**Student:** 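Next up is a structure, given as structure tokens.
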Amino acid sequence: MTLFDGIYPFYLQQRKVAVLDVSTIIVIVVFLTFTCSFLLIIPGIRGRARVYWTLRVLLSLLVGVVIVAVQFTGDWETGWVTANTSYKSFSHAMINADIGLHVGLAGVNITLMGNPVNQINETIDYNEYFSWSFDADYDHSYNDGLERGLPSPILYVAEKFTTHSPCSMHRQYRISGHYSSATLWVAFCTWLISNMLFSMPVLVYGGYMLLVTGAFMIFSLLAFSTVRNSSMCLIQFGTATLHVSYGGSFWLTLVIGLLCFVAGITVVVLHYFNLDLLKTFFDLREDNAEECQEMTEVYVNTHFVNKRLCLSEPSKLNPNNI
């Protein structure tokens, strides 16, 4: 097959990347823009407050970008297998290829890469995405793949997730993905509220909202892990079996959720046991000291004070003593 304007002739649209697609890159670029904007103004902050501000802002942006980005990634579950398999239906041609399965919250991505890439006079490098979101029809995407004549390994794996498959994996993965996505959006809202509370500042309540943020991130992982409760059909290519395991997005969400727990617990504990240290970290104690210092620096007009004292002395005399 030859390229035409960067697209294979049999495909009318660009293929979705297995792990990082355009939506994920846009989210990362937006948060990087916020980060660069903050780094431009950080030299204007004096003293130790500069370090405290940098830690707070960068950690907060890290939590936010992870919560949003993992919504669009496709590596919540991943699996690879190398096998000798048939290439096309009604053909005896065999190929050696790496077959990959990448499961996200909104769909599944199946890759097929020849080993080597050029075999049987063709370039074997496929990447197909099948969505099961509410505004998409998975079975229609699968039937469209049949009409386009996709390779047999891709169609074999995609068929496991159709609604009419005896594996019944489509319903379980779709429901789990929707619940995971919903709880992550709630976690994003609580993350925004925590930042508002920290800026007001209501530190202890901001710590509580960080705990809520971490809790909803853990809930999203529990919702997605329910797919393990259903019976998983074996995906076999001859003697080789494709096994899936939790991917990078799953573990990254777990790490950031635990980080929110640690940060929230730290804020709450410091609020009750060492409030001065907590105020120092949030740059509140220095502000109060500066305000007190500014209030004590008062210039007094001694002439005006002496004049007031002279005028007030006659008022202290008793007329009966005159």
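Just so you know, these numbers use all the heavy atoms, side chains as well, and skip hydrogens, waters and symmetry mates. Keep in mind the model is a prediction, meaning the values are calculated, not measured.
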**Student:** Which heavy atom in A158 sits nearest to a heavy atom in I110, and how many Å separate them?
**Tutor:**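 Reported closest heavy-atom pair: N-CD1, 3.5 Å.
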**Student:** Mind checking the CZ-CZ spacing from F130 to F161? Nearest 0.5 Å is all I need.
**Tutor:**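 CZ of F161 is found 10.5 Å from CZ of F130.
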**Student:** Determine whether more than 12 heavy atoms belonging to other residues, nucleotides or ligands lie under 6.0 Å from atom CZ of R171.
**Tutor:**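 Open.
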**Student:** Between T280 and Y52, is a side chain to side chain contact (heavy atoms under 4.5 Å, CB included) present by the stated rule, with each step listed?
**Tutor:** CA-CA 9 Å; T280 301; Y52 299 150; 3.9 Å; yes
**Student:** Test side chain to side chain contact (heavy atoms under 4.5 Å, CB included) on Y246 and T78; report intermediate values, then the result.
**Tutor:** CA-CA 6 Å; Y246 293 128; T78 58; over 6 Å; no
**Student:** Donor-acceptor check, side chain of N274 to backbone of L270, threshold 3.5 angstrom: yes or no?
**Tutor:**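 Looks like no, no N/O pair under 3.5 Å.
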**Student:** For the CG atom of L62 and the CG atom of L252, what is their distance to the nearest 0.5 Å?
**Tutor:**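 Spacing of CG (L62) from CG (L252) equals 7.5 Å.
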**Student:** In Å and rounded to the nearest 0.5 Å, what is the CG to CG distance from L184 to L221?
**Tutor:**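 Reported to 0.5 Å precision, the distance equals 7.5 Å.
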**Student:** Nearest 0.5 Å, please: how far is OH in Y126 from CG in L150?
**Tutor:**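 Interatomic distance, L150 CG to Y126 OH, rounded to 0.5 Å: 7.5 Å.
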**Student:** Please examine the side chains of M94 and S86, heavy atoms only from C-beta on, and report whether any two atoms are closer than 4.5 Å.
**Tutor:**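 SC-SC contact between S86 and M94 confirmed.
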**Student:** Take the angle between the ring planes of W132 and Y173 and call it parallel below 30°, perpendicular above 60°, tilted in between.
**Tutor:**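 The arrangement is tilted - the two ring planes meet at 30° to 60°.
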**Student:** Can you measure from NZ (K279) to CG (D276) and round to the nearest 0.5 angstrom?
**Tutor:**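 Answer rounded to 0.5 Å: 7.0 Å.
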**Student:** So, for C260 and V63, which heavy atoms are closest and what is the spacing to 0.1 Å?
**Tutor:**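 Taking every non-hydrogen atom into account, SG-CG1, 3.7 Å.
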**Student:** Is there a continuous path of hydrophobic side-chain contacts, each under 4.5 Å between heavy atoms, that joins I67 to L58?
**Tutor:**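 Shared cluster, no.
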**Student:** Atom CZ of residue position F38 - does it have more than 12 heavy atoms of other residues, nucleotides or ligands inside 6.0 Å?
**Tutor:**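 Atom CZ in F38 is crowded, with more than 12 foreign heavy atoms closer than 6.0 Å.
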**Student:** Let's go through Y87 and E122 carefully: what are the C-alpha distance in whole Å and the side-chain angles of both, what is the deciding distance for side-chain hydrogen bond (donor to acceptor under 3.5 Å, both in side chains) to 0.1 Å, and is it a yes or a no?
**Tutor:** CA-CA 11 Å; Y87 181 55; E122 288 192 25; 2.7 Å; yes
**Student:** How about W191 and S60: does a side-chain donor come under 3.5 Å of a side-chain acceptor?
**Tutor:**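 Result is yes, a qualifying pair exists.
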**Student:** Hydrophobic clusters here meaning ILVMFWY residues chained together by side-chain heavy-atom distances under 4.5 Å, can you tell me if F273 and Y205 are in one?
**Tutor:**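 Hydrophobic grouping puts F273 with Y205.
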**Student:** Please say yes or no: joined through hydrophobic side-chain contacts below 4.5 Å, possibly via intermediate residues, are M209 and V269 part of one cluster?
**Tutor:**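 Yes, because M209 and V269 connect within a single hydrophobic cluster, where side-chain heavy atoms sit under 4.5 Å apart.
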**Student:** Within a radius of less than 6.0 Å around CZ of F219, do more than 12 heavy atoms belonging to other residues, nucleotides or ligands occur?
**Tutor:**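 No - once you tally the heavy atoms of other residues, nucleotides and ligands closer than 6.0 Å, there are 12 at most.
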**Student:** Tell me, do W76 and V103 make a side-chain contact under 4.5 Å, heavy atoms counted?
**Tutor:**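 Contact flag for W76/V103 side chains = no.
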**Student:** Using side-chain heavy atoms (C-beta onward) and a distance below 4.5 Å, is P151 in contact with I124?
**Tutor:**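 A side-chain contact under 4.5 Å is absent here.
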**Student:** Among the clusters formed by ILVMFWY side chains lying less than 4.5 Å apart, do W53 and M200 turn up in the same one?
**Tutor:**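 In one cluster: yes.
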**Student:** Starting from M196, can I reach F188 by hopping between I/L/V/M/F/W/Y residues whose side chains sit under 4.5 Å apart?
**Tutor:**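 Per the 4.5 Å side-chain linkage, F188 and M196 are not co-clustered.
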**Student:** Take R174 and Y138 through the side chain to side chain contact (heavy atoms under 4.5 Å, CB included) test and state the conclusion after the steps.
**Tutor:** CA-CA 10 Å; R174 185 182 185 187; Y138 185 92; over 6 Å; no
**Student:** Please determine, by modelled atom types, if S176 and T226 share a side-chain donor-acceptor pair under 3.5 angstrom.
**Tutor:**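 On atom types as modelled, these side chains qualify, holding a pair under 3.5 Å.
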**Student:** Can you name the one residue among S133, S249, S180 that meets side-chain contact (heavy atoms from CB on, under 4.5 Å) with L105?
**Tutor:**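 Filter result, single survivor: S180.
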**Student:** Decide side chain to side chain contact (heavy atoms under 4.5 Å, CB included) for T24 and V27; before the verdict, give the C-alpha distance in whole Å, the side-chain angles of both, and the deciding distance to 0.1 Å.
**Tutor:** CA-CA 5 Å; T24 308; V27 172; 5.7 Å; no
**Student:** Can you confirm whether E159 sits close enough to Y142 that some side-chain heavy atom of one is under 4.5 Å from a side-chain heavy atom of the other?
**Tutor:**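 The answer is yes; the side chains approach within 4.5 Å.
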**Student:** Who else is in M113's hydrophobic cluster (ILVMFWY, side-chain heavy atoms under 4.5 Å, direct or via others)?
**Tutor:**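 Besides M113, the cluster holds V117.
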**Student:** Quick check: do F34 and V57 have side-chain heavy atoms less than 4.5 Å from each other?
**Tutor:**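 SC-SC contact between F34 and V57 ruled out.
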**Student:** Could you tell me whether the side chains of T111 and N127 share a donor-acceptor contact shorter than 3.5 Å?
**Tutor:**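 Their side chains do not contain a donor-acceptor pair, so the 3.5 Å distance test is not met.
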**Student:** Any side-chain heavy atom of I99 sitting closer than 4.5 Å to one from W80?
**Tutor:**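 When only atoms from C-beta onward are counted, W80 and I99 do not touch, as no gap falls below 4.5 Å.
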**Student:** Say whether, by atom type as modelled, one donor and one acceptor occur between the side chain of T241 and the main chain of F237 under 3.5 angstrom.
**Tutor:**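 No; judged by distance alone, with no hydrogens or angles, the pair does not exist.
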**Student:** Hey, are the side chains of I218 and L254 touching, using non-hydrogen atoms and a 4.5 Å cut-off?
**Tutor:**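 I218 reaches L254 side chain to side chain.
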**Student:** Within the side chain of Y156, is there an N or O that forms a donor-acceptor pair under 3.5 Å with the backbone of Q236?
**Tutor:**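 Side chain of Y156 to backbone of Q236: a pair is present.
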**Student:** Is there a side-chain contact between L203 and F198, using heavy atoms and a 4.5 Å cut-off?
**Tutor:**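 In short, these two side chains touch, coming nearer than 4.5 Å.
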**Student:** What distance separates M169 CE from T162 OG1, expressed to the nearest 0.5 Å?
**Tutor:**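 These two atoms lie 9.0 Å from each other.
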**Student:** Donor-acceptor pair, distance only, cut-off 3.5 Å: does the side chain of S181 make one with the backbone of H178?
**Tutor:**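 Judged by distance alone, no pair lies under 3.5 Å.
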**Student:** Keeping the roles fixed (side chain from S131, backbone from G107), state whether a donor-acceptor pair exists under 3.5 Å.
**Tutor:**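 Flag not set: sc S131 to bb G107 has no pair under 3.5 Å.
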